[in-house]
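Structure, as structure tokens:
Sequence lines set the chain letters: A, B, ... in the order given, protein chains first and strands last, and positions in each chain run from 1.
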Amino acid sequence: MSSERRKPYPFDRIEPKWQAIWDERQVFHAPNPEEEGFDAAKPKFYILDMFPYPSGTGLHVGHPEGYTATDIVARYKRLRGFNVLHPMGWDAFGLPAEQYAIRSGQHPAITTGENVARFKAQLKRIGFSYDWQREINTTDPRYYKWTQWIFLQIYNSWFNPDSRRAEPISTYRGGDPDGVRLAYVADVPVNWCPELGTVLANEEVVDGKSEVGGFPVVRRPMRQWMLRITAYAERLLEGLDELDWPEGIKLLQRNWIGRSEGAEIDFTIANLDDKIRVFTTRPDTLYGATYMVLAPEHSLVDLIVTEEQWPEVRDYRERAARKSELERTDVGKEKTGVFTGAYAINPANDERIPIWIADYVLAGYGTGAIMGVPAHDERDLEFARKFDLPVREVVQPSAGENPIGFVGEGTAINSPVIDGLPSAQAIRRITEWLEQRGAGKGAINYKLRDWLFSRQRYWGEPFPIVWEKGNHRALEEKELPIVPPPLDDYKPTGTGEPPLAKAKEWIRYSDAAMRETNTMPQWAGSCWYYLRFCDPHDDRRFVGEEAERYWMAGDHPGGVDVYVGGTEHAVLHLLYSRFWHKVLFDLGYVSKPEPFQRLVNQGVILGEDNQKMSKSRGNIVNPDDVIEQHGADAFRCYEMFMGPLEQMKPWSMRGVEGVARFLARVWRLLITENQAGSREISDKIKAVDPDKAQQKVLHATIKKVTEDIESFSFNTAISQMMIFVNAFTNAEMIPLLPMRAFLILLNPFAPHIASELWETLNTKFTDARGDITEQPWPSYDERLLVGQEVEIVIQINGKLRDRIKMSIVATEEEMKAAAIATPKIQKLVSGKNIGKVVVVPKKLVNIVVR
RNA sequence: GCCGAUGUGGCGAAAUGGUAGACGCAACGGACUUAAAAUCCGUUGGGCCAUAAAAGGCCCGUGCCGGUUCGAGUCCGGCCAUCGGCACCA
């Protein structure tokens with residue numbers, strides 16, 4: 001056996017050939033309006049992939065899954081006469097390049113450049129039809145100049161609650177504008193990761209550990225930049241309704257935003273001229289509040305604690321502060337807390353109730369204080385039982401259950417103001433009652449926190465901000481981009497001071513002003529890249545107005561028509577970019593309220609062993625190896641043939657071989673090798689009319705492939721093309737035109753082989769001109785899909801009993817009569833009563849017998 | 001605990017309420033070949049009956065239990081399992 005197995009068809013020659021042609025001729029460049037070659041008569045279609053972080057390990061088989069899907073749709077839409085925007089770029093700020101810099105001293109830009117070159121070569125090798133003239137890189141100063149510029153727009157705006165929009169800060173009439181800016185500095189407890197030497201956003205902390213690296217995260221108060229995403233909570237929620245996204249992702253965002261409706265209630269503190277405000281979704285249980293709990297960090301704790309209780313309170317607070325996020329939020333653990341010695345007055349019944357502190361109350365949610373209603377809240381009940389606090393039932397369940405521990409809706413009891421009312425009414429009534437007394441009001445709370453936007457990293461966008469006499473100030477637009485200084489040592493300081501602080505020269509902006517040394521998080525660049533793709537070379541604006549209006553147009557709120565990527569960004573990138581987009585929309589910089597209209601999530605690809613691919617399991621599939629062995633077209637088709645795009649599914653090398661065999665059959669259908677070993681067009685190919693059966697399978701294939709591409713069902717589109725090829729495999733004569741149409745259908749999936757075969761046919765037949773990329777998509781004729789006869793299924797009581805062939809024009813009566821008349825059916829129904837007979841035209845007859 | 005998704009052959013999977021398992025993989029048999037690879041043809045959910053051969057026939061079967069319907073993988077109700085998300089959010 002020869003060392004090199006013979007290729008079933010010469011993909012190793014034709015794939016590089018066509019990739020070079022596409023490159024040279026810039027076949028997939030989409031001109032902008034006003035640009036040469038732009039065709040204003042065509043509708044636009046913007047189809048986007050989530051651009052990758054170019055890691056050092058190169059592409060894995062998960063990347064090309066979504067990329068192949070979008071490439072099929074992009075190539076299809078071009079043939080359907082659309083101007084298609086299909087770009088690719090690099091989300092290249094990030095930790096691995098920085099960590100490599102720490103180890104090697106090599107500037108991260110060099111590592112990034114190498115990785116980008118490798119990723120790009122890999123993507124090109126798969127034959128994706130990206131418009132490479134639009135390639136962008138978030139670490140390019142010409143790109144992040146505009147990331148910094150957008151930050152300035154956010155910094156220079158505030159959210160006007162009356163108009164519910166962001167407006168320029170100059171329209172703010174209140175006192176201190178720094179208190180309302182959408183970008184602000186706050187001294188808040190943040191997620192500090194000592195191992196990474198940086199703070200992290202809530203979205204980046206998973207189970208008390210950093211999402212990147214899995215290192216422990218602790219709470220620590222620090223002075224940080226925040227973005228006021230909470231101002232947009234309601235609009236981010238409302239906007240979801242109009243988007244064509246998977247319901248699961250919408251739900252994840254809704255839960256993350258976490259809207260809950262209820263009331264804020266003020267409890268006066270006994271013997272003190274102050275109040276504690278709590279938030280509750282169940283104001284109707286106010287009479288059942290037998291104690292209060294403040295979060296250990298609550299600002300009133302110092303004020304109310306009695307001298308006697310002070311040592312215990314201080315001790316508890318210190319212990320709570322030292323706990324990691326993981327320890328603190330562990331649901332299973334037992335409740336803890338200490339009494340402050342102080343009492344509050346329940347505004348409903350003027351009862352004195354004790355005030356405790358406990359870490360099951362979170363400082364960051366609501367008001368950081370709760371009323372304890374042990375009878376109707378599981379956590380409060382657990383706490384009350386542990387510390388012997390009274391339990392008073394105030395809601396009666398409808399079906400004689402025990403009221404204690406009942407958390408659902410029922411009827412108010414032991415609550416003079418609302419007794420006898422169902423919970424929903426009781427909530428409204430008691431809220432009004434509290435409002436009248438000035439002791440409370442209806443309120444809405446969100447779980448969403450403001451976005452912690454600064455990082456103590458080197459490899460990120462520097463803030464366009466300087467500090468002067470303790471105040472921050474924006475730099476001017478003409479000073480952008482702010483480029484980070486080169487360093488000898490990229491190591492984090494460990495103190496929370498960013499590495500940029502080491503550049504003593506750089507941080508000195510002027511005699512009076514020092515530069516901000518934090519950098520932006522990795523999400524900043526990806527928040528708006530889809531906009532830059534519309535107009536990537538503009539150096540006067542972040543995106544040209546006309547280009548933005550053209551590519552983001554459409555009769556729906558979102559600008560990008562289709563966006564494909566994994567679910568891992570559900571509450572990170574997909575929420576952040578919606579937020580930025582809405583700010584830019586409010587300020588009049590973009591034309592649409594939402595960035596992405598239709599979202600499709602591809603499923604994770606598992607290893608052959610059905611396990612998640614990982615280095616340690618040794619089940620990683622390298623796309624380069626697959627392409628080397630079977631070619632890019634087989635790789636693309638297999639990625640799509642595996643199963644539904646959205647589904648999680650295991651890789652199978654055997655499966656790749658099967659798809660490669662299919663492509664080889666396509667090749668051999670049209671090409672034969674002569675004695676001398678050179679290839680020529682099969683003499684079975686004739687410019688003749690197809691017969692009825694061939695006509696039928698052709699039109700069925702056009703219909704199925706067209707509909708399946710539209711619905712992202714690529715696996716069944718490929719199945720149908722296999723059926724088509726099988727139908728012609730043993731034909732004596734192969735009519736030319738069905739083959740032409742078939743190649744166009746195959747082209748989005750396997751563009752290299754389709755291009756080559758198309759071109760080869762052109763050398764012999766003169767019926768078509770130009771490349772396959774210039775052909776119109778074939779159409780089908782519904783009438784040719786059915787023959788003269790159809791098979792009718794005959795059922796008795798719903799069970800298949802016989803089949804007959806009938807003309808497609810047979811009437812229901814004829815079908816019924818013919819069905820009952822077959823010998824087999826006669827035998828089965830003889831001596832029985834025939835009841836109803838159900839007839840489905842062209843399909844089946846069901847005879848009901850008793 | 002709450003929310004969501006998914007359960008169909010040996011495997012990946014198909015099936016507008018109307019022939020369950022298309023298409024592919026694997027397996028088995030055959031053709032071609034000195035031989036193998038490649039290729040082509042055929043068989044392939046389980047069980048049972050029948051037969052000289054060619055055929056043929058019956059029952060069961062889409063996680064489990066029930067319901068609606070002439071007819072349910074598909075619709076409804078209730079369970080179970082796996083995966084994913086959230087998780088002391090008052």
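Under a 3.5 Å cut-off, the side chain of E608(A) and the backbone N or O of P650(A) do not form any donor-acceptor pair.
Comparing G798(A) and K447(A) against RNA chain B, the residue whose closest nucleotide sits nearer the 5' end is G798(A). Between A363(A) and L828(A), the residue anchored closer to the 5' end of RNA chain B is L828(A), taking for each the nucleotide with the nearest heavy atom.
The side chain of M722(A) has G24(B) as its nearest neighbour among A14(B), G24(B), C88(B). Comparing A22(B), A90(B), C40(B) against the side chain of T281(A) picks out A90(B) as the nearest. For V838(A), the side-chain atoms get nearest to G18(B) when compared with the rest of C88(B), C25(B), G18(B). Among the nucleotides U16(B), C40(B), A14(B), the one closest to the side chain of N715(A) is A14(B). Considering only the side chain of L800(A), U19(B) comes nearest among U19(B), G4(B), C88(B). Looking at the side chain of R668(A), the nearest of the listed nucleotides A90(B), C23(B), U39(B) is U39(B). When distances are taken from the side chain of Y360(A) to each of A90(B), A87(B), C88(B), the shortest belongs to C88(B). The nucleotide whose nearest atom lies closest to any side-chain atom of K649(A) is, among A90(B), G24(B), G12(B), G12(B). Picking from G24(B), A87(B), C59(B) the nucleotide with the shortest atom distance to the side chain of F641(A) gives G24(B).
Computed from coordinates, the R801(A) CZ to G57(B) C1' distance equals 10 Å when rounded to whole Å. The nearest whole Å value for the distance from the CG atom in N797(A) to the P atom in C70(B) is 11 Å. Atom CE in M653(A) sits about 16 Å away from atom C1' in G24(B), given to the nearest Å. In this structure, L448(A) places its CG atom 14 Å from P of C86(B), rounding to the nearest Å. Between the NZ atom of K703(A) and the P atom of U16(B) there is a distance of 12 Å, given to the nearest Å. In this structure, the CE atom of M642(A) is 11 Å from the P atom of G12(B), given to the nearest Å. Rounded to whole Å, the distance from OH on Y638(A) to C1' on C23(B) is 14 Å. In this structure, L251(A) atom CG and A5(B) atom C1' are separated by 11 Å, rounded to whole Å.
When each of V839(A), V840(A), I804(A) is checked for a side-chain contact (heavy atoms from CB on, under 4.5 Å) with I792(A), only I804(A) meets the rule. Of the residues T367(A), L294(A), I370(A), the one that meets the side-chain contact (heavy atoms from CB on, under 4.5 Å) test with I276(A) is L294(A). Here the rule is side-chain contact (heavy atoms from CB on, under 4.5 Å) with I794(A), and of L844(A), L828(A), L800(A), I825(A) only I825(A) fits it.
Nucleotide A15(B) forms no Watson-Crick or G-U wobble pair with any nucleotide shown, as no partner meets the under 3.5 Å limit on both distances. Across all strands shown, U69(B) has no partner, as no Watson-Crick or G-U wobble contact with both distances under 3.5 Å is found. When both pairing distances are held under 3.5 Å, G7(B) makes a Watson-Crick or G-U pair with C80(B). Base pairing analysis places C86(B) opposite G1(B); the two distances defining the Watson-Crick or G-U wobble pair are each below 3.5 Å. When both distances must be under 3.5 Å, the Watson-Crick or G-U wobble mate of U43(B) is A27(B). Using the Watson-Crick or G-U wobble rule with both distances under 3.5 Å, G56(B) pairs with C49(B).
OP1 or OP2 of A26(B) lies within a sub-4.0 Å distance of a side-chain N or O belonging to R654(A). OP1 and OP2 of A22(B) both lie 4.0 Å or more from every side-chain N or O belonging to T716(A). One finds a side-chain N or O of N726(A) lying less than 4.0 angstrom from the OP1 or OP2 phosphate oxygen of G24(B). A close approach under 4.0 Å does occur between a side-chain nitrogen or oxygen of K824(A) and OP1 or OP2 of G57(B). Dashed line: the shortest gap from a side-chain N or O of R254(A) to OP1 or OP2 of G85(B) is not under 4.0 Å. OP1 or OP2 of C60(B) sits under 4.0 Å from a side-chain N or O of K799(A). Of the side-chain N and O atoms in R661(A), one or more sit less than 4.0 angstrom from OP1 or OP2 of C25(B). Note on K836(A): a side-chain N or O is less than 4.0 Å away from OP1 or OP2 of C70(B). Between N255(A) and G85(B) there is no side-chain N or O to OP1 or OP2 distance below 4.0 Å.
Using a 4.0 Å heavy-atom criterion, one finds that V361(A) contacts the bases of the nucleic acid, with or without backbone contacts as well. Counting any heavy atom pair closer than 4.0 Å across all strands shown, N445(A) reaches no nucleic acid atom. Residue E791(A) is in base contact, counting any heavy-atom pair closer than 4.0 Å across all strands shown. Across all strands shown, I723(A) has heavy atoms under 4.0 Å from sugar-phosphate atoms exclusively, and none from any base. Using a 4.0 Å heavy-atom criterion, one finds that G658(A) contacts the sugar-phosphate atoms exclusively. Counting any heavy atom pair closer than 4.0 Å across all strands shown, V840(A) reaches a base atom. M648(A) comes within contact range of the sugar-phosphate backbone alone, with a heavy-atom separation under 4.0 Å but no base atom that close. Contact annotation for S260(A): backbone-only contact, meaning every heavy-atom pair under 4.0 Å involves sugar-phosphate atoms and none involves a base.
Applying the salt bridge (charged side-chain N to carboxylate O under 4.0 Å, His left out) definition to pairs two or more places apart or across chains, those involving residues 700-718 of chain A are K703(A)-E707(A), K703(A)-E782(A), K704(A)-D708(A).
Between F728(A) and F724(A), the angle of the ring planes lies from 30° to 60°, which puts this pair in the tilted group. Ring pair F383(A)/F387(A) is tilted by interplanar angle, where 30° to 60° counts as tilted.
In this structure, R277(A) and E264(A) approach most closely via the heavy-atom pair CD-OE1, 3.4 Å.
Ionic pairing of K335(A) and D380(A) is not present here: no N-O contact between side-chain nitrogen and carboxylate oxygen is shorter than 4.0 angstrom. Using a cutoff of 4.0 Å between basic side-chain nitrogens and carboxylate oxygens, R636(A) and E639(A) are not scored as salt-bridged.
Applying the 3.5 Å distance criterion, the base of G18(B) shares a donor-acceptor pair with the side chain of Q795(A).
Look at the P atom in both G46(B) and G9(B): the space between them is 12 Å, to the nearest Å. A distance of about 25 Å separates the P atoms of G21(B) and C28(B), rounded to the whole Å. With P as the reference atom, U6(B) and C60(B) are 29 Å apart, rounded to whole Å. C23(B) sits 12 Å from A15(B) when the C1' atoms are compared, rounded to a whole Å. Comparing C75(B) with U62(B), their P atoms are spaced 15 Å from each other, to the whole Å.
Anti is the conformation of G66(B), whose glycosidic angle sits further than 90° from 0.
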